[in-house]
Protein chains: 2
Amino acid sequence: MTAPYIRPIVTVDVVVLTLRAGQLQVLEVQRQDAAEPFCGAWGLPGGYVHVEEDDDTASAARRVLRGKTGGHVGHLEQLYTFSGAGRDPRGWSVSVVYLALVQGDDGMGLRPDQAGVRWVNVDEAGELPFDHAAILAKALDRVRGKAAYSSLPAFLIAPVFTWSELMGVYEVVLGQTLDASTFRRKVEAQMMIVPAHGQRRHTGAGRPAGLYRLSTDALHDFGRVVLSERA
Amino acid sequence: MTAPYIRPIVTVDVVVLTLRAGQLQVLEVQRQDAAEPFCGAWGLPGGYVHVEEDDDTASAARRVLRGKTGGHVGHLEQLYTFSGAGRDPRGWSVSVVYLALVQGDDGMGLRPDQAGVRWVNVDEAGELPFDHAAILAKALDRVRGKAAYSSLPAFLIAPVFTWSELMGVYEVVLGQTLDASTFRRKVEAQMMIVPAHGQRRHTGAGRPAGLYRLSTDALHDFGRVVLSERA
DNA sequence: CGAATAGTGTCTGTGAGACATTATCTT
DNA sequence: AAGATAATGTCTCACAGACACTATTCG
């Protein structure tokens, strides 16, 4: 007897983070369907898995992002799976949650001002539907934890960046200031970045900064790079 | 229109690890139901989520372990969620996989010789059904990764242990020898263990070793304990 | 020139790793 | 006492953190 059991609802949700105006921000979408719970509320993008269309939950997550933001996603990883009888009024549900990082502050197609879509500072997200508050908290734990030992925060900025910009994103994510010399030493030791072409001058005064991009290794896996400093 | 989509199959699978005879071993069960795929094959314990009975997937995992091993589980954590159209012949499926660690070598109820249940060295698991080989590989990655910075491997041995036993389990999991002095310094710095009562004499000769157990903190969360050494 | 930002050099304390030494048991 | 294992002490070198210093641009 194959699958005699009642099947739970299966959805994917995505925590999309970026860096805008020096702040870590999360993407919220306004729930539109009047037949579904929390209609009108702002929550994390998500939706049902479509078994005819999606290869797996990761591709379902990409489809959700395509549909709701139309933009390009720099990094996507599975975060955690939330489940239970109580988390969704529609019934016993499983939500496979993904974490997406996209570059901020210079229009990469994510249409931040599109109707029904908005960016919110991660510490200013209001009342979120379902268990989205717990999901967001877990995503922040993950990003902050990985920031201490991986190149992951680099996906929050443009693919070509200066040392200042790279260190700045780590400082925002980790919530502490870093020492430029120590930061460079650690990043260089891990061969996490390589020089890019050209030079860019700073906005006002000062010596122009060299440009860099993530190394091929850093783009594909996140080695045990230790970047955190003492509290 | 609530849930107009075809719902995937939702199962849980559990990678149960222990330490027996100085080896890291995984629990396999023989698949019994002739109506289900891979009947007769040895694979990871798992089963359908029962929405009437299970609070969430973690409780489904505990139920699966109760039913198939009857034993006590020292540590249970979510590992990863595997999904897709191709991984299960019964159809598009989602499997929420858990990692369980149990103490080995001194009968704690897990009935290792029960019919249809067996322990296998993790590097000698044969042909596994579904994507269980990939699941096991991911579990080993997780355990080895966490061994470098947490008290997690301690759940593979008895709750009261000696320094030798604790260091031994780390050596087996990490696959390298450790220095006793350095190991003690790091573990003590993290206040991971506390003395237990009594003294235990060694099997043959030598000074008897003091007994210890995990501290309350280490039992509940896995702090950033750094225990690995250089390769 | 001075201001501003980029980037490098150097000192020092901590602690990991290695290994020597002491302690306490069995036979 | 000899042998075995437990437990602790000590040395050294690498490196993280701190900060001073040099470099290169703009106005």
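Naming convention: chains lettered A, B, ... in sequence-line order (proteins, then strands); numbering from 1 in each chain. Because the structure is predicted, anything quoted here is derived from the model rather than measured.
- Taking the ring centroids of B:Tyr212 and B:Phe161, they lie at or beyond the 6.0 Å cut-off.
- The side chain of A:Arg185 approaches D:dA16 more closely than any other nucleotide in the set D:dA16, C:dC19, C:dT5.
- Side-chain N/O atoms of A:Tyr80 and B:Thr81 include no donor and acceptor closer than 3.5 Å.
- Distance from the side chain of B:Arg207 is smallest to C:dT24 among C:dT24, D:dC19, C:dG7.
- Looking only at side-chain heavy atoms (C-beta outward), A:Arg213 and A:Ile193 stay at 4.5 Å or farther from each other.
- Distance CG (A:Leu178) to P (D:dA18): 10 Å, rounded to an integer number of Å.
- With D:dG17, C:dG7, C:dA6 as the candidates, the nucleotide lying closest to the side chain of A:Ser164 is C:dA6.
- Distances were taken from every side-chain heavy atom of B:Ser181 (C-beta onward) to each of D:dT10, D:dA16, C:dT8; the shortest belongs to D:dT10.
- Within the structure, a side-chain polar atom (N or O) of A:Arg184 is placed less than 4.0 Å from OP1 or OP2 of C:dT8.
- Look at CD on A:Glu188: it is 15 Å from C1' on D:dC15, rounded to the nearest Å.
- Rounded to whole Å, the distance from CD on A:Gln190 to P on D:dC15 is 11 Å.
- Taking only side-chain nitrogens and oxygens, B:Lys186 comes nearer than 4.0 Å to OP1 or OP2 of C:dG17.
- For A:Thr182, counting side-chain heavy atoms from C-beta on, the closest listed nucleotide (C:dT24, D:dG17, C:dG17) is D:dG17.
- Going from atom CD of A:Gln176 over to atom C1' of D:dA18 covers 14 Å, rounded to whole Å.
- Side-chain N/O atoms of A:Ser83 and B:Asp56 include no donor and acceptor closer than 3.5 Å.
- Distance A:Met167 CE to D:dA16 P: 16 Å, rounded to the nearest Å.
- Under the 6.0 Å distance and 45° angle rule, A:Arg31 does not count as a cation-pi partner of A:Trp42.
- Distance CG (B:Asp179) to C1' (C:dA16): 9 Å, rounded to an integer number of Å.
- The nearest whole Å value for the distance from the CZ atom in A:Phe183 to the P atom in C:dA6 is 13 Å.
- Rounded to an integer number of Å, the gap from B:Trp163 CH2 to C:dC25 P is 19 Å.
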